[in-house]
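Predicted model, so just to flag it, every value in this text is computed and none were measured. A, B, ... follow the sequence lines: proteins, then strands. Residue 1 opens every chain.
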Amino acid sequence: MTSASMMASAKGRLLPALTPLRFFVAAAVFHVLAWAALALDWRDAAHFAGGPGLTLAALHLATLGVASMAAFGATLQLLPVATRAPIGSVALANLSFWLLVPGVAVLTGGMAAQSAPTMIAGAALTGLAFALFAALTWRNLARAPTRDATIHFVQAALVALIVFVGLGAALALDGRFGFLDRHMGAARAHMTLAAFGFFGLLIAGFGAVLLPMFALASPPPQRAMTVVLGLIAAASAVAAMGLAAETGALALVGGVLGSVAAAAYVFVVERSLATRLRRTLGAEFRLVRASEAALIAAVLLGLALLAGAPVARGEALFGWLMISGWLLSFLTGVLQRILPFLTSMHVKDARGRTPLASTLAPRLPLDIHSACHFAAVLLVGLGIALDVSALVLAGALIGLCGAGAFVWFALAVVAHLKPQPAGQQGQKP
Amino acid sequence: MRIRIGHGATARVWQAEDGLHIDVRGLAPPAPMVEILRLIEAPQPPDALTAHLDREPIYFYPELDARGWSYDIAARGDEGFALRLKRDAAA
């Protein structure tokens with residue numbers, strides 16, 4: 001027996017193809033919008049220090065539009081594999097998508113238009129999507145018969161999610177009612193918990209499974225992952241508290257912990273990859289390794305800023321390294337493997353077998369995306385550092401081309417899916 | 001025989017009357033898939049083996065197809081999942 005007949009039973013463990021894949025395609029579309037918003041605000045982006053406008057919209061299109069979409073899709077499909085328990089309700093998982101897409105669109109539209117009521121409406125929809133996602137994920141964790149390290153990462157990420165979404169809602173309302181004493185402190189704490197607490201923990205937790213899977217390597221040992229988990233959680237919590245209270249010493253301790261956490265994470269991942277069976281790593285690892293370098297650079301710059309180093313436009317550069325250099329590089333790298341991988345589970349080749357995922361992924365758009373992404377991150381970073389707006393514009397336009405190529409790739413992959421009769425769609429795992 | 005995996009976890013490998021067996025139950029993903037692949041990509045690989053897993057390895061099948069191995073479910077129950085693997089003649 002080969003995959004042709006066995007996949008019939010295997011599909012019972014998969015969500016319907018479109019449930020995770022629509023999150024990933026939406027992430028690719030929001031990726032385009034993020035670069036477009038940055039290109040439109042090219043004159044002011046280098047001086048961004050918070051506050052509504054196109055740059056804040058670009059930032060949230062990247063974090064909520066790209067990173068959250070990817071995190072929702074990946075978690076809904078991969079968490080049941082780690083927990084060995086079903087996700088619960090495919091309908092509710094789909095509903096979280098239909099809340100998140102308009103939520104992000106309205107919220108970022110309100111930011112771009114500097115409209116507090118629109119931002120509040122978008123934040124409410126986005127908050128509902130996150131609440132539903134958190135409830136689905138928490139219920140899945142509660143049913144898990146195992147306690148793999150990944151599960152603890154997701155639990156800690158959910159705690160960070162609750163706090164950063166609450167802070168985000170307070171910031172949106174503060175734009176209208178002005179009740180926060182330390183708006184910028186709360187905004188910095190919100191960003192820290194979202195980037196390092198939520199996305200950082202999910203990236204580290206799922207990355208410890210996905211990256212060895214892509215490279216056919218042994219996963220990192222549980223003990224090492226527990227140390228990484230403790231460091232990221234402690235760094236995020238301490239830094240967020242210090243930033244919210246505008247207590248420099250506490251924030252600095254958080255920065256030191258964050259630097260150690262980032263170094264530990266990269267060390268543990270690279271040590272795992274050293275055991276790989278695949279001699280030549282795929283192109284996605286160029287993006288993954290660039291993301292590791294950007295993460296280290298971002299936390300070191302953050303540490304310098306917390307220590308009082310006079311770095312011109314340092315906060316904007318820190319945000320750029322963190323969001324574009326680390327998050328977007330990692331996510332687009334991983335998505336270029338997950339998209340064809342999950343699609344392959346729902347299609348058959350000419351011989352009736354499950355095809356290798358690589359055969360579904362067109363190479364050209366991925367090469368264009370990678371080249372554009374690296375050039376864009378570098379140019380915009382230089383534009384911010386040197387205060388040259390033309391470099392920001394050039395980088396944003398190149399990034400826009402790369403994001404367009406990524407949409408091309410995503411659509412080419414999902415085009416392999418053929419409509420099936422309702423009764424043959426994937427079921428609850 | 002036990003095979004040391006990565007930085008501590010182990011898979012159990014033994015020879016029985018019906019051939020070679022590998023038990024990867026209890027290992028965190030993707031270690032089960034990787035350890036079976038290590039065995040079939042060894043310098044002197046077996047022609048057949050039985051793998052004992054916690055669950056059906058749905059993401060593993062395309063990798064086996066690509067390496068010219070066929071597979072069949074040998075057992076499925078509360079104790080886990082057994083997969084009989086055989087190298088295709090042409091592989």
Side-chain angles (χ1 to χ4, degrees), chain A residues 1-7 9-14 78 80-82 84 145-151 206 208-225 268 271-272 274-278 340-342 344-345 348-349 351-360 429, chain B residues 3-11 24-43 45 48 51 53-76 78-91:
Chain A
M1 182 190 272
T2 55
S3 60
S5 49
M6 297 191 74
M7 283 308 293
S9 58
K11 278 189 176 175
R13 299 249 310 272
L14 292 167
L78 296 174
V81 175
R84 302 169 202 181
T146 61
R147 278 286 170 264
D148 287 349
T150 308
I151 293 170
F206 285 126
V209 177
L210 287 173
L211 299 180
M213 192 165 77
F214 297 159
L216 296 179
S218 300
Q222 299 253 340
R223 207 179 307 165
M225 289 309 295
V268 164
R271 196 156 174 243
S272 162
T275 69
R276 68 183 185 269
L277 291 176
R278 281 194 210 286
F341 184 69
L342 287 181
S344 75
M345 293 289 139
K348 293 183 178 71
D349 64 15
R351 293 180 298 168
R353 293 181 167 194
T354 300
L356 266 181
S358 56
T359 62
L360 304 182
Chain B
I3 295 179
R4 185 177 169 81
I5 293 173
H7 316 289
T10 56
V24 291
R25 286 174 291 184
L27 301 182
M33 174 171 80
V34 171
E35 294 318 311
I36 297 168
L37 287 176
R38 279 195 207 286
L39 206 54
I40 68 178
E41 289 189 352
L53 305 108
D54 287 314
R55 54 203 148 153
E56 187 177 3
I58 57 175
Y59 302 132
F60 187 32
Y61 298 139
E63 296 289 345
L64 289 170
D65 285 335
R67 287 162 175 78
W69 281 69
S70 58
Y71 34 90
D72 207 348
I73 299 171
R76 184 202 297 264
D78 294 340
E79 300 272 309
F81 189 92
L83 199 63
R84 204 180 325 272
L85 311 175
K86 190 178 171 194
R87 188 152 43 141
D88 294 342

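Between B:Pro30 and A:Met213 the shortest heavy-atom distance is CG-N, 3.6 Å. Across every non-hydrogen atom of A:Leu216 and B:Arg67, the tightest pair is CD1-NH2, 3.4 Å.
The side-chain heavy atoms of A:Leu277 and B:Met33, taken from C-beta on, include no pair separated by under 4.5 Å.
Within a 6.0 Å sphere centred on CZ of A:Arg276, other residues, nucleotides and ligands contribute more than 12 heavy atoms. Atom CZ of A:Arg278 has more than 12 neighbouring heavy atoms from other residues, nucleotides or ligands inside a 6.0 Å radius.
Legend: residues meeting side chain to side chain contact (heavy atoms under 4.5 Å, CB included) with B:Arg25, ordered by chain and number and at least two apart, are B:Asp23, B:His52, B:Asp54, B:Glu79. Residues that satisfy the side chain to side chain contact (heavy atoms under 4.5 Å, CB included) test with A:Thr359, not counting sequence neighbours, are A:Pro355, A:Leu356.
Interface residue A:Ala217: only backbone heavy atoms are found under 4.5 Å from chain B.
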